[in-house]
Visitor: 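Can you read through this structure? Questions will come right after.
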There are 2 protein chains.
Amino acid sequence: MSTVNLTPTSHVVLGLIARKGPSTSYELKAAVANSIGNFWPFPHAQLYTEPARLAAAGYLNEEREEGGRHRRTYSITDSGRQALAEWIAAPTPTGYEVRDPGLLKLFFGDLAQAPSDLEALAAAQLEAHATRLEEYRELDRLLEGMGVHDHARTTLSFGLVYEEGAVRFWQQVQREHRERGSR
Amino acid sequence: MSTVNLTPTSHVVLGLIARKGPSTSYELKAAVANSIGNFWPFPHAQLYTEPARLAAAGYLNEEREEGGRHRRTYSITDSGRQALAEWIAAPTPTGYEVRDPGLLKLFFGDLAQAPSDLEALAAAQLEAHATRLEEYRELDRLLEGMGVHDHARTTLSFGLVYEEGAVRFWQQVQREHRERGSR
DNA sequence: ACCGTCATGTAATCGGTTACATGATTCT
DNA sequence: AGAATCATGTAACCGATTACATGACGGT
C-alpha cells in the first residue's frame with residue numbers, strides 16, 4: 001500500500017464512486033462523458049488505470065467479478081472518503097487553464113500567409129461553439145424539465161457561460177477581420 | 001534528424017521564433033508568460049527542452065554562445081517555417097479544455113460536509129477571477145494606449161470575456177447558495 | 001567581495017495519451 | 001451464425017511536471 005499523490009483524475013474517480021457507490025471503470029467513463037468530461041476530458045484509459053492506483057494506495061477496494069466479463073468493481077474505503085473530504089475542505093488553487101487550439105492559432109494569426117486562413121479559422125470555431133452552445137442549452141432544458149437542480153447542472157451552466165462568450169468572441173473576430181479586409 | 005510530432009508546445013516555440021527572430025529559451029519564456037501563457041501555461045522547462053527536440057528534427061538551428069552564459073539561440077529553418085505554415089493553414093481541431101480546479105470541486109459540491117466549504121470556494125474563486133479580470137482590463141487599456149491592435153491583444157480579449165463570465169458565474173453560485181441556505 | 005536575483009539548464013519521475021487487442025452481448 | 005457494437009482492458013511511449021542545481025550579472 002504505497003502512497004500516491006492525488007491528481008484531478010484521482011478526485012474525479014473518488015468523487016464519482018463516493019457519490020454513486022461501487023462502480024466499474026466503464027460506469028465512471030460514462031459518468032464523466034456527459035458531465036465534467038465536457039470541458040475536462042479524462043481519457044478512458046485513465047479511468048481504468050487510476051482506480052488501480054487508488055486501490056493500491058488503500059483509497060479504494062477492488063472486487064473482481066467471477067464469471068462473465070470479470071469486471072472490477074471499486075468501492076471507496078474510509079481512507080478514500082477521508083482523502084476526498086480533505087480535498088473538498090481544502091483551499092482550492094485559483095489557477096486554471098484554457099487549452100483551446102483555435103485560440104492558440106489565432107494568437108499566431110499575424111503569421112498567416114493567406115487572410116482566408118483566419119476567416120476559415122473564425123468560421124469553423126464559431127460554428128463549433130454555436131453547436132456546442134445549442135447542445136448545452138438543450139441539455140439544460142432537459143434537466144430543468146426533470147427538476148434537477150444539482151451541482152452537476154450548475155457546472156453545466158458554466159459551460160453555457162463559456163460557450164456564449166466564445167460565440168460572441170469569434171463573431172467579433174469575424175467582424176474585425178471583415179472590416180480590416182474591406183478597408 | 002529524427003522526426004517528431006508537433007505538439008502545441010512545438011507550435012508555440014516555432015511561432016514565437018518565427019515572429020521575433022532568433023531567440024533563447026529565456027526569451028521564449030518571457031514572451032509566453034505575459035501572453036498566451038496566461039491561460040495556456042507552458043512550464044519553463046518545456047521551453048528549454050522543446051527547442052532542442054525541434055532542432056534535432058531540423059525545424060530549428062541551434063547556435064551556442066562562446067563565452068559568458070553559453071546561451072543557446074535558436075533560429076527557424078525553412079523546414080520549420082514550412083511546418084508552421086502548414087499548421088496555420090490546416091483545419092483546427094474544434095475541441096478545447098477548461099481545466100479549472102474550482103469548477104471541478106464545485107461539481108462535487110454535493111459531497112461537501114459543511115456548507116461553508118462551498119461558500120469559501122465561491123468566495124475565493126470569485127475574488128481570484130475578479131482580480132484577474134481587473135489585471136486584464138488594465139493590460140488591455142495599456143495596449144490600447146500604445147495603439148496596439150494585434151492578434152495577441154485579440155487573444156487577451158478572450159481572456160476578458162472568460163473572466164467576465166467567470167465572475168458572473170461565481171456570483172450566481174453565491175447567490176443561489178445563500179437563497180438555499182436561508183430557505 | 002558578497003548577495004540576491006536573473007538566467008539557464010538537467011534529471012528523474014510519472015501521468016497522460018495513443019494504439020492495440022480481445023472478450024461479451026446484442027441484433028439481424 | 002455472423003456482424004456490429006459495447007465493454008474492458010494492457011502496453012509502450014513520451015511529453016509534461018517537479019525538483020534540483022549551478023552560473024552569470026548587477027548592485028551595494
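We name chains A, B, ... by the order of the sequence lines, and we start the count at 1 in each one.
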Visitor: Measure from the side-chain heavy atoms of B:Lys29 and tell me the nearest of C:dG16, C:dT8, D:dA16.
Guide: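 That would be C:dT8.
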Visitor: What's A:Arg99 touching, base or sugar-phosphate or nothing? Going by heavy atoms closer than 4.0 Å.
Guide: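 Touches sugar-phosphate only.
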Visitor: Can you tell me the distance, in whole Å, between the CD atom of B:Glu97 and the C1' atom of C:dG16?
Guide: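 Computing the B:Glu97:CD to C:dG16:C1' distance gives 11 Å.
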Visitor: Between A:Tyr48 (OH) and C:dT22 (P), how many Å, whole number?
Guide: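 One finds 17 Å between P of C:dT22 and OH of A:Tyr48, rounded.
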Visitor: Is the A:His44 ring parallel, tilted or perpendicular to the A:Tyr48 ring (thresholds 30°, 60°)?
Guide: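 Ring orientation, 0 to 90° scale: perpendicular.
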Visitor: Using 4.0 Å as the upper bound for N to carboxylate O, is an ion pair formed by A:Arg19 and A:Glu27?
Guide: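 Not counted as a salt bridge, because no side-chain N and carboxylate O are separated by less than 4.0 Å.
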Visitor: How many whole angstroms separate atom CD of B:Gln46 from atom C1' of C:dT13?
Guide: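 Roughly 14 Å, once rounded to whole Å.
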Visitor: Just how far, in rounded Å, is C1' of D:dT22 from CZ of B:Arg71?
Guide: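 About 16 Å, once rounded to whole Å.
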Visitor: Quick check: any donor-acceptor pair below 3.5 Å linking the side-chain of B:His70 to the base of D:dG23?
Guide: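 Side chain to base: no pair below 3.5 Å.
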Visitor: Under 4.0 Å between a side-chain N/O of B:Thr49 and OP1 or OP2 of C:dG9, yes or no?
Guide: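 Indeed not, no polar side-chain atom of B:Thr49 lies that close.
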Visitor: Out of D:dT17, C:dG15, C:dA19, which nucleotide sits closest to the side chain of B:Pro43?
Guide: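 Out of D:dT17, C:dG15, C:dA19, the nucleotide with an atom closest to B:Pro43's side chain is D:dT17.
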Visitor: In whole angstrom, give the distance that lies between atom CD of B:Glu62 and atom C1' of C:dG9.
Guide: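 That distance rounds to 12 Å.
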Visitor: As a test of reading the structure: which of C:dT18, C:dT8, D:dT17 is closest to the side chain of B:Thr24, going by heavy atoms?
Guide: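 In terms of side-chain proximity for B:Thr24, the closest of C:dT18, C:dT8, D:dT17 is C:dT8.
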Visitor: May I have the distance from B:Glu50 (atom CD) to C:dT8 (atom P), rounded to whole angstrom?
Guide: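 Value for this atom pair: 18 Å.
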Visitor: Please report whether the ring centroid of A:Tyr162 lies less than 6.0 Å from that of B:Tyr96.
Guide: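 For B:Tyr96 and A:Tyr162, the ring centres are under 6.0 Å apart.
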Visitor: According to a strict under-4.0 Å criterion, is A:Arg72 in side-chain N/O contact with OP1 or OP2 of D:dT10?
Guide: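 For A:Arg72, the contact criterion (side-chain N or O under 4.0 Å from OP1 or OP2 of D:dT10) is met.
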Visitor: Out of C:dT18, C:dG9, D:dA16, which has the shortest distance to the side chain of B:Thr9?
Guide: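 Shortest atom-to-atom distance from the side chain points to D:dA16.
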Visitor: Is the number of heavy atoms from other residues, nucleotides or ligands under 6.0 Å of A:Glu62 CD greater than 12?
Guide: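 Enclosed.
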Visitor: If you only use heavy atoms from C-beta on, which nucleotide in C:dT18, C:dA11, C:dG15 is closest to the side chain of A:Ala45?
Guide: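 Closest nucleotide among those given: C:dT18.
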Visitor: Separation of A:Arg64 atom CZ from D:dG9 atom P, in whole Å?
Guide: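 From A:Arg64 CZ to D:dG9 P: 8 Å.
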Visitor: Check the angle between the aromatic planes of A:His129 and A:Trp170 and answer parallel, tilted or perpendicular using the 30° and 60° thresholds.
Guide: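 Rings of A:His129 and A:Trp170: parallel, as their planes differ by under 30°.
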Visitor: Check whether any side-chain nitrogen or oxygen of B:Asn5 sits under 4.0 Å from OP1 or OP2 of D:dG15, and answer yes or no.
Guide: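 Yes, such a contact exists.
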Visitor: Rounded off to whole Å, could you give me the CZ-to-C1' distance for the A:Arg53 and C:dG16 pair?
Guide: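 Going from A:Arg53 (CZ) to C:dG16 (C1'), I get 11 Å.
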